[in-house]
Amino acid sequence: QVWLMESGGGSVQAGGSLRLSCKVNGYNAWSSLSWFRQAPGKEREGVAAIDPVAYTKYSESVKGRFTISQDKVLKILYLQMNSLKSEDSAMYYCAACRGVHPDQALTGDGAQCGTWGQGTQVTVSS
């Protein structure tokens with residue numbers, strides 16, 4: 001059974017940091033694992049993606065501030081978020097994207113990714 005479960009969200013002041021985690025269960029042959037986010041009234045957007053050989057892709061809005069990584073033994077996906085801004089406030093989701101390279105994993109609203117977690121809320125106050 002394939003499922004994803006995020007954790008690590010919370011409230012933080014602007015300039016602060018958070019690390020999100022996503023436990024990956026039952027997904028042994030992924031092409032990309034990705035983080036997406038969705039703020040109220042906005043479309044879901046891709047944030048970062050990684051493949052099994054640690055090739056990474058970031059959206060321009062988070063490049064240089066966020067780092068995606070993975071522990072392949074524990075099967076956990078991470079998103080280290082530094083220098084947080086109020087505009088980073090959103091529900092963050094991890095997604096497993098079979099057959100999708102990281103360069104394509106972040107396009108659109110993530111319809112190319114077949115399995116999603118339930119999300120974890122990040123709130124950044126200015």
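Throughout, residue positions are numbered sequentially from 1 according to the sequence presented. Computed from a predicted model, the values in this text were never measured in an experiment.
Cation-pi check for Arg37 over Tyr93 is not met; the charged atom does not lie both under 6.0 angstrom from the ring centroid and within 45 degrees of its normal.
We find the CD-OG distance between Gln13 and Ser125 to be 5.0 Å, quoted to the nearest 0.5 Å. Rounding to the nearest 0.5 Å gives a distance of 13.0 Å between CG of Leu74 and NZ of Lys72. Here the straight-line distance linking atom SG of Cys94 with atom CD1 of Ile76 works out to 11.0 Å at 0.5 Å rounding. Rounded to the nearest 0.5 Å, atoms NZ (Lys85) and OG (Ser61) are 8.0 Å apart. Expressed to the nearest 0.5 Å, how far NZ of Lys23 lies from CE of Met5 amounts to 11.0 Å.
Distance alone, capped at 3.5 Å, places no donor-acceptor pair between the Lys57 side chain and the Asp51 backbone. Using modelled atom types, no side-chain atom of Tyr92 and backbone atom of Ser7 make a donor-acceptor pair closer than 3.5 Å. Although no hydrogens or angles enter the test, the distance criterion places no donor-acceptor pair under 3.5 Å between the side chain of Gln70 and the main chain of Leu77. Without hydrogens or angle criteria, Gln112 side chain to Thr107 main chain gives a donor-acceptor distance under 3.5 Å.
Side-chain contact between Arg44 and Trp116: present, with at least one pair of heavy atoms (C-beta onward) separated by less than 4.5 Å. Within the 4.5 Å cutoff, no side-chain heavy atoms of Tyr58 are placed close to those of Val47.
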Point to revise | Pair Thr120-Leu20, side chain to side chain contact (heavy atoms under 4.5 Å, CB included): steps then yes or no | key: CA-CA 8 Å; Thr120 187; Leu20 305 183; 4.0 Å; yes
Point to revise | Worked check of side chain to side chain contact (heavy atoms under 4.5 Å, CB included) between Gln38 and Glu45 | key: CA-CA 6 Å; Gln38 188 167 23; Glu45 62 172 347; over 6 Å; no
Exercise for review: Would you please test Leu18 and Val122 for side chain to side chain contact (heavy atoms under 4.5 Å, CB included) and show each step?
Suggested key: CA-CA 9 Å; Leu18 281 175; Val122 171; 3.9 Å; yes
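Of all the heavy atoms in Phe36 and Gly108, the pair that sits closest is CE2-O, 4.2 Å. Between Val24 and Leu33, the shortest heavy-atom distance links the atoms CG2-CD1, 4.1 Å. For Ser69 against Ile50, the heavy-atom pair with the smallest separation is CA-CD1, 3.9 Å. Nearest heavy-atom pair across Met81 and Leu84 is CB-CD2, 3.8 Å. Taking every heavy atom of both residues into account, Asn82 and Ser17 meet most closely at OD1-OG, 2.9 Å.
Scanning for side chain to side chain contact (heavy atoms under 4.5 Å, CB included) contacts around Ala105 gives Ser32, Ser34, Ala49, Cys97, Val100, with sequence neighbours left out. When the side chain to side chain contact (heavy atoms under 4.5 Å, CB included) test is applied to Ala14, the partners found at least two apart in sequence or on another chain are Val124.
Remark: Asp88 engages Arg65 in a salt bridge, criterion side-chain N to carboxylate O under 4.0 Å.
Residues Ile68 and Leu106 are members of separate hydrophobic clusters, defined by side-chain heavy-atom contacts under 4.5 angstrom among Ile, Leu, Val, Met, Phe, Trp and Tyr.
Taking the six-membered ring wherever Trp is involved, the centroid distance between the rings of Phe66 and Trp35 does not fall below 6.0 Å.
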